[in-house]
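Below is one structure, written out as structure tokens, with a few remarks after it.
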Amino acid sequence: MTSLFDRHHLGPLTLPNRIVMAPMTRARGTADGLATPSMATYFAQRATAGLLISDGIAPNAVGTSNPNTAGLRTDAEAASWRQVTDAVHINGGRIFAQLMHGGRVSHESISGLRPVAPSAVAVATDVFTPTGPLPAPVPRALQTAEVAEQAGSYAEAARRAVGAGFDGVELHGANGYLISQFLSTNANLRTDRYGGSVANRIRFAVEAVAATVDAVGGDRVGIRLSPGAGLWDVTEPDHAEVYAALLTELNRLGLAYVHLEATTDEATMLDLRKRWDGTMIVNPSSWLTRGAAPFGARPTDLASADRWLGLGADLVSFGRAYLANPDLVERLRRRLPLAEADPATYYAGGDAGFLDLPAHHHVA
């Protein structure tokens, strides 16, 4: 029986355990998009994870979704991440950069640019801006000839990421951001080769991944997906078919991994596992639980992690559990209680609730 504490080979990397720190936006970058020394400390504190995945990082200006987040849009921004990757590596860790193009989940006040998306359909909710939540603007629909440029933005950011010392990149294809918008039926109303049929709606995701593989090599590239999650107002009524087709195409590209949020039924998850020959990370996604909806147990629950390993996951990612437990691997190994993070500090800026979390010290 595979254990969370067994090693796993991920491309050229040997992970000392199967625990992954999921990507989480903490909004601790500078206003002009640079990573900070506090961010280096934050990730270094968590370097015992088998793999760390960074905050969502904008690959280009128009794809910027959140204020006060460090980017990979320019060489200067990439250089600022070197302090983070160095700190992780000095502490024995491995880290991938999550490339997150927000598409329509953005606002002109963040980047100075009108957001772009598959179609001119606004998110039916507020988005985060430098002055607080504001109604989402209607995005500009990308012309067919422009789509390749946005797909290529992931590849350009990946080159910068690897140059800045990241061990690889994860394309954010989940949770209603740009790739997810192309996969949906309500954010994507296109009638060209990127819309309509399942084969057309998965095309952008495949092209973005293929460009990134060409740029940095498949063993440095992963993708995160959330089948049927419905976040940021995207709907995927045919998600079982969409993600089956997508994984079948991606399976040919030799990726490091696919990172699935357990946002659909178990049968669909198991079907996707069968279609994927490589490493699969599963995130139990308890934060999506609505009432008694079966979206998986708490990811802080060892039994839940073990269950997913038993169902075929190679690695299990933990999100909120990592916020207040930088030593999560040790706490899980020793079955110690987990601290709870204060939601008021998630995106508050500053070091409170970010760095001032004591690890559980013990005598070996």
Side-chain angles (χ1 to χ4, degrees), residues 1-24 40-55 84-98 165-170 219-224 255-262 269 273 276 278-286 296-339 341 357-364:
M1 178 69 185
T2 302
S3 159
L4 268 183
F5 309 103
D6 291 342
R7 291 186 175 193
H8 181 74
H9 295 287
L10 187 71
L13 303 175
T14 298
L15 313 187
N17 57 67
R18 293 171 183 250
I19 295 169
V20 176
M21 176 176 159
M24 291 174 288
T41 300
Y42 171 79
F43 284 105
Q45 287 174 341
R46 291 154 175 81
T48 53
L51 179 67
L52 299 168
I53 305 173
S54 76
D55 308 55
V84 175
T85 60
D86 282 351
V88 168
H89 292 147
I90 287 167
N91 281 274
R94 298 134 301 274
I95 184 167
F96 272 42
Q98 191 193 58
F166 282 101
D167 297 294
V169 298
E170 174 182 286
D219 60 2
R220 292 182 183 268
V221 179
I223 185 169
R224 180 165 163 121
L255 303 188
Y257 65 78
V258 64
H259 186 177
L260 288 183
E261 297 179 32
M269 293 288 289
R273 170 70 276 190
W276 185 253
T279 292
M280 179 172 282
I281 307 173
V282 170
N283 181 268
S285 296
S286 75
R298 278 173 59 86
T300 52
D301 182 352
L302 265 175
S304 174
D306 287 340
R307 179 172 167 275
W308 281 107
L309 290 175
L311 290 172
D314 298 292
L315 308 170
V316 178
S317 67
F318 296 77
R320 286 181 307 184
Y322 254 117
L323 297 180
N325 300 278
D327 57 342
L328 182 65
V329 173
E330 185 68 9
R331 288 181 187 245
L332 292 176
R333 192 193 307 273
R334 300 181 63 212
R335 289 171 164 74
L336 297 171
L338 301 183
L357 303 163
H360 185 92
H361 295 292
H362 67 279
V363 178

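Just so it is clear, the model here is predicted, and its values are computed rather than measured.
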- [ ] Check whether any side-chain heavy atom of T48 lies under 4.5 Å from a side-chain heavy atom of E330, and answer yes or no.
- [x] no
Task: Main-chain N/O of L311 paired with W308 side-chain donor or acceptor, under 3.5 Å - done: no
- [ ] Name all residues meeting the side-chain hydrogen bond (donor to acceptor under 3.5 Å, both in side chains) criterion together with T41; count only those two or more places apart in sequence or in a different chain, and write none if there are none.
- [x] none
Open item on the list: Ignoring hydrogens, what is the shortest heavy-atom contact between V282 and A262? Give both atom names and the distance.
Closed with: CG1-CB, 4.4 Å
Task: Heavy-atom pair of closest approach, residues G50 and P16 - done: CA-CD, 4.1 Å
- [ ] List the atom of L323, the atom of A341, and the distance in Å for their closest heavy-atom pair.
- [x] CB-CB, 3.7 Å
Open item on the list: As an exercise, state the distance from CZ of R224 to CD1 of I281, rounded to the nearest 0.5 Å.
Closed with: 9.0 Å
TODO: Using the side chain to side chain contact (heavy atoms under 4.5 Å, CB included) rule, take D55 and F43 through it: C-alpha gap first, then chi angles, then the decisive distance, then the call.
DONE: CA-CA 10 Å; D55 308 55; F43 284 105; 3.1 Å; yes
Open item on the list: If you compare all heavy atoms of E170 against all heavy atoms of P23, which two are closest, and at what distance to 0.1 Å?
Closed with: OE2-CG, 3.6 Å
Open item on the list: Tell me every residue that passes side chain to side chain contact (heavy atoms under 4.5 Å, CB included) with I90, counting only those two or more places apart in sequence or in another chain.
Closed with: none
Open item on the list: Does any part of the side chain of F318, heavy atoms only, come nearer than 4.5 Å to the side chain of L338, both counted from C-beta?
Closed with: no
- [ ] Sort and list the pairs that fulfil salt bridge (charged side-chain N to carboxylate O under 4.0 Å, His left out) and have at least one residue in residues 85-95, not counting sequence neighbours.
- [x] R82-D86
Task: Rounded distance (nearest 0.5 Å) linking atom OG1 of T85 with atom CG of D167 - done: 8.0 Å
- [ ] Please round to the nearest 0.5 Å and tell me the distance separating atom CD1 of I223 and atom CD of Q98.
- [x] 10.0 Å
TODO: Check V316 against A305 and note the closest heavy-atom contact, atom names and distance.
DONE: CG2-O, 3.8 Å
- [ ] Determine yes or no for a side-chain-to-main-chain donor-acceptor pair under 3.5 angstrom, with R331 supplying the side chain and P337 the backbone.
- [x] yes
- [ ] Drop me the distance from I19's CD1 to L51's CG, to the nearest 0.5 angstrom.
- [x] 12.0 Å
Task: Residues in ring pair (Phe, Tyr, Trp, His ring centres under 6.0 Å) contact with Y257, at least two apart in sequence or another chain - done: F96
Task: Counterpart residues, side chain to side chain contact (heavy atoms under 4.5 Å, CB included), relative to R46 (two or more places apart) - done: M21, Y42, L52, Y322, P326, L357
Task: Distance (rounded to the nearest 0.5 Å) between L309 CG and T2 OG1 - done: 6.5 Å
TODO: With sequence neighbours excluded, tell me which residues meet side-chain hydrogen bond (donor to acceptor under 3.5 Å, both in side chains) with D314.
DONE: R273
Open item on the list: Strictly by side chain to side chain donor-acceptor pair (under 3.5 Å), give each pair with a member in residues 10-23 just once, sequence neighbours left out.
Closed with: H9-T14
Task: Shortest non-hydrogen contact from H259 toward S317 - done: NE2-OG, 2.8 Å
Task: Distance in Å, N283 CG paired with L315 CG, rounded so as to fall on 0.5 Å steps - done: 12.0 Å
